There are 2 protein chains.
Amino acid sequence: MATAKKDLFTKKENRIAELAKAMGHPARVAILLYLIKKNSCVCGDIVGELPLSQSTVSQHLKELKRVGILQGEIEGTKTCYCIDPKVWKEMEVLFGGLIQKYKSDCC
Amino acid sequence: MATAKKDLFTKKENRIAELAKAMGHPARVAILLYLIKKNSCVCGDIVGELPLSQSTVSQHLKELKRVGILQGEIEGTKTCYCIDPKVWKEMEVLFGGLIQKYKSDCC
DNA sequence: TTTGTTTATCGCAAAAATACGATTAATAAC
DNA sequence: GTTATTAATCGTATTTTTGCGATAAACAAA
């Protein structure tokens with residue numbers, strides 16, 4: 001079988017890239033900031049906060065959910081999204097670790 | 001004039017997304033890890049480290065340079081890339097700030 | 001049961017990212 | 001000078017992402 005693209009890099013490299021990419025769109029950053037600010041899992045009125053259509057926002061939420069950053073819980077007709085503390089911690093470790101690893105003494 | 005896409009979100013949201021997106025590819029993560037490990041600005045032998053062609057690696061380096069994470073300095077026929085400490089610090093502030101801002105008490 | 005609300009998904013179009021080989025440009029080595 | 005080395009860029013093909021309207025699905029309200 002052909003080599004999967006993922007196999008060209010380490011698990012860690014792939015995971016960092018996957019999480020970074022999920023944060024690599026201003027709408028998704030805005031969603032995260034909104035969820036953090038609200039300090040609780042707010043429902044789909046996220047749509048009302050963003051200058052994008054409902055279906056587009058739904059896609060962004062889906063992507064954040066896919067990589068694990070968000071959890072979505074259905075409550076009646078509404079869906080309640082919130083940050084997954086476990087994955088958030090993972091990001092802290094991965095990004096923090098990466099950033100701390102570099103001590104400037106270049107060039 | 002039409003609204004630029006950038007204007008739909010705040011400067012901060014756009015900048016976080018831009019930096020995150022630059023890290024949103026395993027090859028670029030690998031480049032950064034390699035530069036950190038070598039602890040000095042190593043030249044284009046980055047190409048030898050990656051399972052990608054020279055032109056593709058060059059493009060990834062260009063992207064990292066575009067957002068400011070890397071600096072490139074020409075030395076003879078070689079080019080020496082290194083992390084820009086200033087932008088690295090900016091990432092620490094932006095990502096660290098974002099991640100620290102969330103205190104789990106959701107759902 | 002009918003109607004309204006909310007969210008996910010489908011289908012599609014447009015734009016952007018990824019990857020590579022070939023070529024160019026710049027310099028070093030001879 | 002000529003030749004070799006290194007890296008950037010060009011052209012192009014493929015894939016992925018982004019975005020939206022329309023529709024569907026699930027539930028609540030009437």
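In what follows, every heavy atom counts, from backbone to side chain, and hydrogens, waters and symmetry copies are set aside. No experiment lies behind these values; they were computed from the predicted model shown. Proteins come first, then strands; the chains are lettered A, B, ... in the order of their sequence lines, and each starts at number 1.
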Once you round it to whole Å, what is the distance between [atom2] of [N] and [atom1] of [X]?
{"X": "B:Leu61", "N": "D:dA8", "atom1": "CG", "atom2": "P", "answer": "7 Å"}
{"X": "B:Leu64", "N": "D:dA7", "atom1": "CG", "atom2": "P", "answer": "16 Å"}
{"X": "A:His25", "N": "C:dA15", "atom1": "NE2", "atom2": "P", "answer": "15 Å"}
{"X": "B:Glu18", "N": "D:dT17", "atom1": "CD", "atom2": "P", "answer": "19 Å"}
{"X": "B:Gln54", "N": "C:dT18", "atom1": "CD", "atom2": "P", "answer": "17 Å"}
{"X": "B:Leu52", "N": "C:dA17", "atom1": "CG", "atom2": "P", "answer": "17 Å"}
{"X": "B:Lys21", "N": "C:dA15", "atom1": "NZ", "atom2": "P", "answer": "15 Å"}
{"X": "A:His60", "N": "C:dA8", "atom1": "NE2", "atom2": "C1'", "answer": "15 Å"}

*Assign each of A:Arg28 and A:Thr77 to its nearest nucleotide of DNA chain D by heavy atoms, then name whichever residue's nucleotide is nearer the 5' end.*
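Residue closer to the 5' terminus by nearest nucleotide: A:Arg28.
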*Quick one: on DNA chain D, does A:Glu63 or B:Asp45 contact a more 5' nucleotide (nearest heavy atom)?*
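Nearer the 5' end of the strand: B:Asp45.
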_Nearest-neighbour nucleotide for the B:Ser58 side chain, C:dA26, C:dA8, D:dT9 considered_ =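 My answer, after comparing the listed nucleotides, is D:dT9.
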Would you say [N] has OP1 or OP2 under 4.0 Å from some side-chain N or O of [X]?
{"X": "B:Thr56", "N": "C:dC20", "result": "yes"}
{"X": "B:Tyr81", "N": "D:dT6", "result": "no"}
{"X": "B:Thr79", "N": "D:dT6", "result": "no"}
{"X": "B:Lys62", "N": "D:dT9", "result": "yes"}

*In sequence, state the C-alpha distance, the side-chain angles, and the governing distance for A:Glu18 and A:Arg15, and then conclude on salt bridge (charged side-chain N to carboxylate O under 4.0 Å, His left out).*
CA-CA 5 Å; A:Glu18 183 177 50; A:Arg15 182 56 172 161; 2.9 Å; yes
_Lys/Arg-Asp/Glu bridge criterion (N-O < 4.0 Å) met for B:Glu63, B:Arg66_ =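 Salt bridge between B:Glu63 and B:Arg66, a charged N being under 4.0 Å from a carboxylate O: yes.
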*asked:* Regarding B:Lys89 and B:Glu92, does a basic nitrogen lie under 4.0 Å from an acidic carboxylate oxygen?
replied: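 Looking at B:Glu92 together with B:Lys89, the answer is yes, because their closest N to O distance falls below 4.0 Å.
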_4.5 Å side-chain heavy-atom contact, B:His60 and B:Thr56_ =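 Of all side-chain heavy-atom pairs linking B:Thr56 with B:His60, at least one is under 4.5 Å.
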*Does B:Trp88 reach the side chain of B:Ile36, with side-chain heavy atoms less than 4.5 Å apart?*
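Sidechains of B:Ile36 and B:Trp88: in contact.
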_Given the structure, check if the side chain of B:Ser55 and the base of C:dG21 hold any donor-acceptor pair shorter than 3.5 Å._
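Checked by distance alone, the answer is yes.
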*asked:* What I want to check is whether an N or O donor and acceptor connect the side chain of B:Gln59 with the base of C:dA17 at under 3.5 Å.
replied: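 There is none.
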